[in-house]
Amino acid sequence: MDQQLNRPGPTPASEPVSRRGVLRAVTVSAAAVGAAGLLAGPATAAPGASGAQAQGRRRVPVDRISIQLYTLRDQLAIDLPGTLDALRRIGYRRVEHAGFVGRTAAQFRAALDDAGLRSTSGHVGIPQPFDAATWEQALADANVVGCKKIVHPYFGRDAAGQPIRDPAVYRALARDLNKAGRLAERAGLEFGYHNHQLEFVPLTGGSTGFDILSSQTDPRLVHFELDLYWTWRGAHDPVDVIRANRGRIRQVHVKDLDVEAGFADLGDGVIDFGRIFAHEREAGIEEYIVERDDAGTAPRSPADALDTARVGFDYLASLRY
C-alpha cells in the first residue's frame, strides 16, 4: 500500500495549538535568549540567498541535503520521471520517499536510478496493532529501494480525531517502536520516529507524548527525525529538544513557519535555522530534509512544489552559521 495515503493533509490552521499561542511562545523564548534570538527574517536566515554577509563558517554539507517527496506528491503523480529529473537538476542527490507513487518498490527504485537519485530514507507507518510480518515486508521494500533509514511518520490522534492525552497509549507505542526498531536493525536499517505538534500536547499527569517516547524507547533502536516546524507548532524550542536528546536527532525536517503559523518556503518564514543547526553535532544530524506540506495544494499548483524544492535547496546550500 502506498504509505503516502496514510499521511494527514496540510491543515495547520485547524490544529489544536493556536497560531497566537505558538507565536506568543516563540516571542517569549526569543526574548529569553537575547539578541541572537530564535527567529530571523530572510536576510538573517538565508544570507546567501538574500545578499547579506555570511554569518559564520559552518555550512550544511550539500551531500546531506534531501527532500521529503510528500512535498511533491501531486507533481510526482502527474510526472514521476520528469519530477525526479527536475530534483536532480536542482542539485538534490538524495530524497526521502513517502510511498512509491503507485509503483512497486522495484519500479520506484528504477525511476530513482534513472534520475540519478537515492532514497536514503523513507516514511512507512508501523502496523497498529503491531504485526511483525507486515513490518518485515515494509523493511524488505525499503532495502529494495536502497534506504538506509526508515521512519514512522505520524501519530497522536484518537479515533475521534482528537489529540491523544492518555499516557498509556504513548507507552504502548513506545513498546511497538522498540519492536519495530529491533526488526529494522536486523534488516540492516536505522529506524526513526517523525514528530508533529501532537506529541507535545500535555497528557493527563503532566508529561507529553514526546517525553514518553524519548524516555521509553531504546536509543540504540529508535532515533528521532525532528520536524522543526511542528516542534515550534507544539510550542517547543528545537534546541531544547536537541539538548534533551543528544545524539538521537539524526534527521531534521527543515520546514519554515510564516507569521500566521502556516507553511512557508525556506527563508521566507520566521525560523532561525542557523541557530538550530549550530547544535548539529550535539544532535547527531545526518540529513537535512526540505519539506513543505502544502507545496502543491490549492491555491498553489502541483508544479509550485518544484519552486519550493529549488528555494529549499538553495537556502540550505547557502546558509552559513
How close do [X] and [Y] get, heavy atom to heavy atom, and via which atoms?
{"X": "Gly125", "Y": "Trp135", "value": "O-CZ3, 3.9 Å"}
{"X": "Arg243", "Y": "Arg246", "value": "O-NH1, 2.6 Å"}
{"X": "Ile289", "Y": "Gln68", "value": "CG2-N, 3.3 Å"}
{"X": "Thr208", "Y": "Phe200", "value": "CG2-O, 3.8 Å"}
{"X": "Glu286", "Y": "Arg94", "value": "O-NH1, 4.1 Å"}
{"X": "Asn178", "Y": "Thr217", "value": "OD1-CA, 3.3 Å"}

Practice task
Check the pair Arg300 / Asp294 against salt bridge (Lys or Arg N to Asp or Glu O under 4.0 Å), numbers first and verdict last.
Solution key: CA-CA 8 Å; Arg300 306 186 85 210; Asp294 68 341; 5.0 Å; no
Handout entry: Check: Phe155 ring centre within less than 6.0 Å of Tyr170 ring centre
Key = yes
Exercise for the section: Flag the pair Phe273 / Tyr288 as yes when their ring centroid distance falls below 6.0 Å, and as no otherwise. Expected result: no
Exercise for the section: Might you work through the side chain to side chain donor-acceptor pair (under 3.5 Å) test for Thr120 and Glu287, ending with a clear yes or no? Expected result: CA-CA 9 Å; Thr120 54; Glu287 286 192 309; 2.4 Å; yes
Practice task
Have a look at Glu96 and tell me which of Lys149, His194, Glu225 forms a side-chain contact (heavy atoms from CB on, under 4.5 Å) with it.
Solution key: Glu225
Completion exercise
Test side-chain contact (heavy atoms from CB on, under 4.5 Å), reference Pro238, set Ile271, Leu228, Ile249, Val252, output is Leu228
Less than 3.5 Å apart, any donor N or O on the side chain of [X] or [Y] sitting next to an acceptor on the other?
{"X": "Arg93", "Y": "Ser66", "result": "no"}
{"X": "Tyr229", "Y": "Arg233", "result": "yes"}
{"X": "Arg157", "Y": "Tyr154", "result": "yes"}
{"X": "Gln251", "Y": "Ser121", "result": "yes"}
{"X": "Gln137", "Y": "Asp141", "result": "yes"}

Exercise for the section: Report the C-alpha distance between Thr231 and Asn195 in whole Å, list the side-chain angles of each, state the deciding distance to 0.1 Å, and finish with yes or no for side chain to side chain donor-acceptor pair (under 3.5 Å). Expected result: CA-CA 7 Å; Thr231 301; Asn195 69 284; 3.2 Å; yes
Handout entry: Six-ring centre of Tyr70, Arg73 cation under 6.0 angstrom, axis tolerance 45°
Key = yes
Is [Y] reachable from [X] through a run of hydrophobic residues whose side-chain heavy atoms are each under 4.5 Å from the next?
{"X": "Leu177", "Y": "Leu203", "value": "yes"}
{"X": "Leu319", "Y": "Trp232", "value": "yes"}
{"X": "Tyr321", "Y": "Ile65", "value": "yes"}
{"X": "Ile212", "Y": "Phe130", "value": "yes"}

Exercise for the section: Please indicate whether Arg58 has more than 12 foreign heavy atoms, meaning atoms of other residues, nucleotides or ligands, lying under 6.0 Å from its CZ. Expected result: yes
Practice task
Evaluate salt bridge (Lys or Arg N to Asp or Glu O under 4.0 Å) for Asp85 paired with Arg88, printing each intermediate quantity in order.
Solution key: CA-CA 5 Å; Asp85 285 343; Arg88 181 64 174 79; over 6 Å; no
Practice task
Can you spot which of His253, His97, His152 makes a ring-ring contact (aromatic ring centres under 6.0 Å, His included) with His123?
Solution key: His253
Handout entry: Backbone of Asp268 reached by a side-chain donor or acceptor of Asp265 within 3.5 Å
Key = no
Exercise for the section: Supply the atom-to-atom distance Phe191 CZ to Leu139 CG, rounded to the nearest 0.5 angstrom. Expected result: 9.0 Å
Practice task
Could you pull out all residues at least two apart from Ala305 that satisfy side chain to side chain contact (heavy atoms under 4.5 Å, CB included)?
Solution key: Leu72, Ala295
